[in-house]
Amino acid sequence: MTRVSAHLNGALHDLMAADPRVHLLGEDVRDPYGGAFKVTKGLYDRFGDRVRSTPISENAIVGVGAGLALAGRPAIVEIMFADFAALAFDQLVNFAAKSTAMYGRPVPIPLIVRCPSGGNRGYGPTHSQSPQKHFIGVPGLHVYELTPFHDAGELIAGMFATERPCLLFEDKVLYTSAMYTGGVVDDLFRYEIVGGVARVFHNDDPAPDCTLIVPGGMVHRALSAAWELMLEQEVICELLVPARLYPVPDLPGLNRVRHVCVLEDGTEGGAWGAEVARVLHPRLWSTLRRPITLAGAAASVIPAAPHLEREVLLQPGRIKNVIMEAIS
Amino acid sequence: MTAQPALSPPERETLSPPAEADLDLLLLIRHFELTLLRLFDKGRLSGTTHTCLGQEYVPVALKPLLDEADFVFSNHRGHGHFLARHAEPYGLLAEIMGRQGALCAGVGGSQHIYHHRFLSTGVQGESLPVAVGTALTLKGTGALACVYIGDGTWGEGAVYEALNMARLWRVPLLVVVEHNGIAQSTPAAAHMAGTVAGRAAAFDIPHHRTTSTDIGHIRAELAPLVAAVRRDSLPLVAEFATHRIGPHSKGDDTRTPEEIARVARHDWYTRYARLYPEIFEPCDLRARELVERVAAEVSARPLSVWEGP
């Protein structure tokens with residue numbers, strides 16, 4: 001088995017070996033440290049100065065990445081914790097995203113900003129957030145999230161191909177999980193990738209009672225809830241896991257949906273799920289039994305103590321309750 | 001130490017006779033921007049504009065020190081920087097007026113222009129980190145990245161993040177500081193503790209400050225320093241004690257008439273006119289006529305068309 005973080009590390013190795021123009025920079029990314037989550041391990045030893053450990057200056061790191069991209073060097077920037085992407089908001093929103101369009105013609109800015117995100121690790125309020133929602137709806141800025149289904153190399157190549165700045169959120173707990181391969185999730189579920197979206201379904205692919213739209217970091221908690229709902233209530237759930245969160249891609253399997261729940265780790269209010277619902281409601285209005293259900297982290301800071309953190313973040317138990325309430 | 005730029009006594013500084021090409025460029029920028037202010041008064045321009053009246057000599061002096069392969073980053077007050085880099089007044093005015101032939105289809109307007117290695121943005125300090133990234137790719141090629149900032153820009157944290165990296169990574173970065181002593185309406189004494197020199201020194205970055213407005217003198221001072229940026233791949237902060245004789249944007253000058261009169265004494269325009277009327281007058285007439293033609297021609301063009309994002 002390959003862990004998600006090792007898979008991503010391998011993809012970065014392959015990418016930098018294949019394209020000598022690519023640069024990578026971020027705090028503590030050089031060997032022997034290899035990044036706070038070891039995703040950049042071995043890159044400096046192999047690619048030298050194309051891998052650069054930086055001062056603690058998120059805004060300028062992203063700006064330097066944009067400058068490299070502007071000069072024709074695709075750049076990957078690591079923000080140590082997604083929470084710190086707030087420090088780079090100006091470079092992301094006012095420079096990188098706008099520069100692709102505000103000069104009256106398409107200006108390529110091949111820039112990927114990687115953001116390890118999410119909680120359930122006890123890091124507390126400023127090292128646990130999933131701040132995707134703050135970057136949703138910015139013209140020119142695409143938002144992605146790592147999943148255990150999507151090949152990271154293809155994902156990165158696809159992001160660079162947009163020639164626009166892309167944020168890649170990477171759930172920190174997901175790092176430690178295994179990549180799924182060969183269309184098999186477990187004894188109960190299989191998956192397929194359709195148009196860049198992973199569809200996770202029961203072995204005999206029945207029409208689901210509830211379709212769960214979830215980003216990569218939510219997959220295991222959603223699957224856990226889906227298992228229990230199947231065994232305890234005979235409720236059939238299907239998961240749709242888009243690697244690209246914004247713009248929301250075309251989702252497969254919607255022709256047979258009964259009810260849709262969007263699950264995420266962002267806090268409630270102005271969340272990614274609201275954007276998904278905005279896109280889906282007009283399309284599904286006549287077939288949905290009720291409005292799309294949104295569930296995310298509580299509107300709260302994320303506590304450090306594990307028993308308190310669990311209450312704030314979305315866990316399988318609450319997902320089950322949300323689904324049962326929605327389809328009852 | 002004082003944050004206020006020491007004023008060069010303009011009456012005592014002898015301006016050497018200007019080369020005709022330099023004077024043409026100075027006057028092109030001057031009349032271009034005076035025309036912008038007139039067009040605004042007539043309601044022919046929308047939005048806002050920031051003129052560099054009095055500061056035109058800075059990019060004109062730097063012009064021959066910059067090479068084709070260099071990358072120039074400019075700011076909100078960038079018309080002079082642009083015209084000194086690319087003598088394309090038609091394209092620039094079309095951009096500002098949203099007419100066909102605009103440099104950026106009229107999307108960017110006065111503050112956001114990207115044209116042949118010239119890029120301007122409207123957020124203070126934002127271009128410095130970008131310039132460091134671009135300069136990384138120029139390292140060892142002999143080319144450099146030049147960034148124009150003002151004294152007010154030093155309030156932005158991005159400046160310090162970028163200077164730190166520029167020095168650590170030894171990138172060929174020329175930071176041109178147009179220290180006109182006023183950030184919009186706030187005098188330097190109220191917005192800057194210490195000095196630009198002190199801040200550059202903190203990063204171990206060479207700093208040069210000039211009070212001269214004499215183009216030949218400035219070039220002689222800066223040529224070896226700019227050559228060192230290229231040769232040694234090291235940043236340089238080149239500070240100009242300069243004077244903005246016009247408003248921050250349009251008619252928003254809150255300085256007293258006495259203060260405006262004091263800074264206007266530094267204006268190269270009146271000094272060249274007084275010292276070298278025989279060179280100045282024909283150039284001045286030529287520039288006025290050129291800009292009149294540009295304004296008339298561009299004003300008559302159809303609106304610009306944007307293909308969309």
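Proteins get letters first, then strands, A, B, ... in listed order; numbering begins at 1 in each.
With a 6.0 Å radius and a threshold of 12 heavy atoms from other residues, nucleotides or ligands, B/Leu168 has its CG atom above the threshold.
Only one option out of B/Val171, B/Val130, B/Val132 pairs with A/Val64 in a side chain to side chain contact (heavy atoms under 4.5 Å, CB included); it is B/Val132.
Taking the side-chain contact (heavy atoms from CB on, under 4.5 Å) definition, one finds that B/Ala228 meets it with B/Arg231, B/Asp232, sequence neighbours left out. With sequence neighbours left out, the ring-ring contact (aromatic ring centres under 6.0 Å, His included) criterion links A/Phe135 to A/Phe89.
Within the 4.5 Å cutoff, side-chain heavy atoms of A/Pro55 are placed close to those of B/Met165.
Only the backbone of B/Ile113 has a heavy atom closer than 4.5 Å to any heavy atom of chain A. Contact of A/Val107 with chain B is made through the side chain alone, with heavy-atom distances under 4.5 Å. With a 4.5 angstrom heavy-atom cutoff, B/Leu103 touches chain A only via backbone atoms.
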Please tabulate, one pair per line, the donor and acceptor atoms of chain A and chain B that lie under 3.5 Å from each other, or say none if there are none.
residue: B/Gly108; atom: N; partner: A/Met102; partner atom: O; Å: 3.3
residue: B/Tyr114; atom: O; partner: A/Arg105; partner atom: NH1; Å: 3.1
residue: B/Tyr114; atom: O; partner: A/Arg105; partner atom: NH2; Å: 2.7
residue: B/Ser120; atom: O; partner: A/Tyr103; partner atom: OH; Å: 2.8
residue: B/Glu126; atom: O; partner: A/Gln91; partner atom: NE2; Å: 2.8
residue: B/Thr134; atom: OG1; partner: A/Gly67; partner atom: O; Å: 3.0
residue: B/Glu161; atom: OE1; partner: A/Ala60; partner atom: N; Å: 2.8

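Taking both residues in full, the closest heavy atoms of A/Ala60 and B/Ala162 are given as CB-N, 4.3 Å, listed atom of the first, atom of the second, then distance.
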Return a table of donor-acceptor pairs under 3.5 angstrom between the side chains of residues 142-151 of chain B and protein atoms on other chains or two or more places apart.
residue: B/Asp151; atom: OD1; partner: B/Asn180; partner atom: N; Å: 3.1
residue: B/Asp151; atom: OD1; partner: B/Gly181; partner atom: N; Å: 3.4
residue: B/Asp151; atom: OD2; partner: B/Ile182; partner atom: N; Å: 3.4
residue: B/Asp151; atom: OD2; partner: B/His191; partner atom: NE2; Å: 2.9

